[in-house]
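Please read all numbers here as calculations on a predicted model, not as lab measurements. So that the names make sense, note that chain A is the first sequence line, chain B the second, and so on, each numbered from 1.
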There are 2 protein chains.
Amino acid sequence: MDKSISYTDVISYTDVSLKNTFNLYEKKFKALADQKRLHILYEITQHGEVCVCDLSEKLHLPQSKLSYHLKILMDAKLIEKETRGTWSYYTLNHSEINHVLSEELCCLFRRD
Amino acid sequence: MDKSISYTDVISYTDVSLKNTFNLYEKKFKALADQKRLHILYEITQHGEVCVCDLSEKLHLPQSKLSYHLKILMDAKLIEKETRGTWSYYTLNHSEINHVLSEELCCLFRRD
DNA sequence: CTTATTCATCAATTATTTTTGATTAAATTG
DNA sequence: CAATTTAATCAAAAATAATTGATGAATAAG
C-alpha cells in the first residue's frame, strides 16, 4: 500500500475548491490541446453545424477517429450534439467556449 | 519507408497557414492542459513573480518536476524568466496569455 | 424484412507525456 | 578555493492519450 502523499492529496486538503477549479480547466484545455480537435472546432465555427461525415471529408480522417475526438470535446462541454435521423449534428457550446477563449480567437474557434 | 499520407500532410498541402495556426494553438493549449501548470500560473498571477523554490513549497513538488513544467510554459511563451543571482524569477507573459484566455479567467490565470 | 448508411464503442497496439532520481552548471558564501 | 544553494538537464520507467480495425446499434429505404 502506497502511503506517500501526492500533489492532488495535498492540494485537496488545503483548498478543495481551487483543486476542483484546476481540474475543470485542465479538462477543457486538454480537449483544446490537439490540432485535429482545433480543426474540428474551426469547421463548426465556420459552418455553424456539421455532421461526422462532413468532418470526415474535410479533415480526411476516418469516422472512428472523429467519434473519439468529438467525444473528448463533448465531455469537456465545448460542443453539443443533436441527432436527426441517422445523422448527428455538432454545434459549438458558445457559453462554455466564450468563457474560456479570448475574443481575439473569434472566427477561429469561437463566434461572437 | 512509410509512404502513407498523414493528416498533417494533407492539411499542409491544402492550407499551410491554417495548419500552422492549429499547430501554434495546440502548443499553447497543451501547456495549459495540466493541473500543476495551471496551479503554477495561478501562483504567478497571485504574486506577480515567483522563483522555483517558492513554487516547490506552495505546490509540494520537487524541483526537477517544476523545472520540467516551467519549461513547457516557457516554450509555449506563456511565461517569462529573469535570473538574478542563483534564483530564477518567473512572470506571466501578459500579451500571450491575454491573447488566448478570456477576460473571465482574470485573476485565476491572467491579470488585466 | 433485408440491405445500406451513419455513427458510437471496444480492445489492442502505438505514440506521447510525465515522473523519478541522479548529474551538471552557475552563482554565492565562508 | 571549498562548500553550499538554486535550478536546468538527462535517461529510464511509468502513466496517459491516440490510432487502428472491427463490431454493434439505430434509423432509413427498397
Side-chain angles (χ1 to χ4, degrees), chain A residues 2 4-11 22-23 26-40 43-44 49-76 78-91, chain B residues 2 4-11 22-23 26-40 43-44 49-76 78-91:
Chain A
D2 183 7
S4 64
I5 298 174
S6 75
Y7 165 84
T8 311
D9 294 335
V10 175
I11 301 309
F22 297 151
N23 217 353
E26 178 187 59
K27 185 160 191 174
K28 292 192 189 291
F29 289 127
K30 266 195 162 75
L32 291 165
D34 181 278
Q35 270 191 256
K36 297 182 186 65
R37 294 194 288 268
L38 290 176
H39 196 163
I40 290 172
E43 291 298 334
I44 303 181
E49 83 175 6
V50 295
C51 62
V52 181
C53 48
D54 289 340
L55 289 170
S56 190
E57 281 188 17
K58 300 223 182 240
L59 310 213
H60 303 93
L61 290 178
Q63 175 268 321
S64 70
K65 215 178 271 192
L66 282 166
S67 279
Y68 169 76
H69 288 293
L70 286 164
K71 181 168 168 37
I72 287 174
L73 290 168
M74 283 287 288
D75 289 348
L78 297 177
I79 60 174
E80 289 169 331
K81 175 169 71 166
E82 191 194 325
T83 302
R84 297 202 290 277
T86 41
W87 283 267
S88 288
Y89 294 93
Y90 287 90
T91 53
Chain B
D2 182 6
S4 65
I5 298 176
S6 76
Y7 166 83
T8 311
D9 294 335
V10 175
I11 301 310
F22 297 151
N23 218 357
E26 178 187 58
K27 185 161 192 174
K28 292 192 189 293
F29 289 127
K30 266 195 161 72
L32 293 165
D34 181 277
Q35 270 191 256
K36 298 182 185 67
R37 294 194 288 269
L38 291 176
H39 196 163
I40 290 172
E43 291 299 333
I44 304 181
E49 84 176 4
V50 294
C51 63
V52 180
C53 47
D54 289 340
L55 290 171
S56 190
E57 280 188 19
K58 301 221 181 241
L59 308 213
H60 303 94
L61 289 179
Q63 174 268 321
S64 70
K65 216 179 269 192
L66 282 166
S67 279
Y68 168 76
H69 288 294
L70 286 164
K71 183 169 165 37
I72 286 174
L73 290 168
M74 284 286 289
D75 290 348
L78 297 176
I79 59 174
E80 289 170 331
K81 176 170 69 165
E82 191 194 326
T83 302
R84 297 200 292 276
T86 41
W87 284 269
S88 288
Y89 294 94
Y90 286 91
T91 53

**OP:** Measure the spacing between NZ of Lys27(A) and CG of Leu78(A) and express it to the nearest 0.5 Å.
**Re:** 10.5 Å
Check: protein-nucleotides 11-15 of chain D nitrogen or oxygen pairs below 3.5 Å:
none

**OP:** Rounded to the nearest 0.5 Å, what's the gap from CD on Glu57(B) to SG on Cys51(B)? Could you check?
**Re:** 8.5 Å
Original post:
What is the distance from CD of Gln63(A) to C1' of dT23(D), rounded to the nearest Å?
Top reply: 11 Å
Subject >> Gap between atoms CG and P, on Leu66(B) and dT9(D) respectively (whole Å) >> reply: 14 Å
**OP:** Starting at atom NZ of Lys65(A), determine the distance to atom P of dG21(D), rounded to an integer number of angstrom.
**Re:** 9 Å
Original post:
Can you name the side chain to side chain donor-acceptor pair (under 3.5 Å) partners of Glu82(A), sequence neighbours left out?
Top reply: Arg84(A)
**OP:** Report the residues that fulfil side chain to side chain donor-acceptor pair (under 3.5 Å) with Thr83(B), sequence neighbours left out, ordered by chain and then residue number.
**Re:** Ser88(B)
Subject >> Atom-pair distance (CG on Leu32(A); P on dA17(D)), nearest Å >> reply: 15 Å
**OP:** Locate the shortest heavy-atom distance separating Ile44(A) from Tyr90(A); write the atom from each residue and the value.
**Re:** CG2-O, 3.8 Å
**OP:** List in chain and number order the residues that pass side-chain contact (heavy atoms from CB on, under 4.5 Å) with Thr91(B), two or more places apart in sequence or in another chain; answer none if no residue qualifies.
**Re:** Glu49(B), Glu80(B)
Subject >> Any residue meeting side-chain contact (heavy atoms from CB on, under 4.5 Å) with Ser56(A), in chain and number order, not counting sequence neighbours >> reply: Leu66(A)
**OP:** Kindly write out the residues that satisfy side-chain contact (heavy atoms from CB on, under 4.5 Å) with Glu43(B), not counting sequence neighbours, or none if the list is empty.
**Re:** His39(B), His47(B), Leu55(B), Lys58(B), Leu59(B)
Original post:
How would you give the extent of chain B contacts on DNA chain C, as first and last nucleotide 5' to 3' within a 4.0 Å heavy-atom cut-off?
Top reply: dT17(C) to dT28(C)
**OP:** Return the residues of residues 80-90 of chain A meeting this criterion: a heavy atom under 4.0 Å from some atom of DNA chain D. Order them by number, or give none.
**Re:** Gly85(A), Thr86(A)
Original post:
How many angstroms lie between atom CG of Asp54(A) and atom OH of Tyr89(A), to the nearest 0.5 angstrom?
Top reply: 7.5 Å
**OP:** List in chain and number order the residues that pass side chain to side chain donor-acceptor pair (under 3.5 Å) with Lys81(B), two or more places apart in sequence or in another chain; answer none if no residue qualifies.
**Re:** none
Original post:
In residues 68-75 of chain B, which residues come under 4.0 Å of DNA chain D by heavy atom?
Top reply: Lys71(B)
Subject >> Residues forming a side chain to side chain donor-acceptor pair (under 3.5 Å) with Lys30(B), sequence neighbours excluded >> reply: none
Original post:
Looking at residues at least two apart in the chain, or sitting in another chain, which of them share a side-chain contact (heavy atoms from CB on, under 4.5 Å) with Leu38(A)?
Top reply: Leu32(A), Phe109(A), Phe22(B), Tyr25(B), Glu26(B), Phe29(B)
**OP:** Measure the distance from CG on Asp34(B) to P on dT16(D) and round it to the nearest whole Å.
**Re:** 12 Å
Original post:
Arg37(B) and Ala31(B): which non-hydrogen atoms are nearest, and at how many Å?
Top reply: NE-O, 2.8 Å
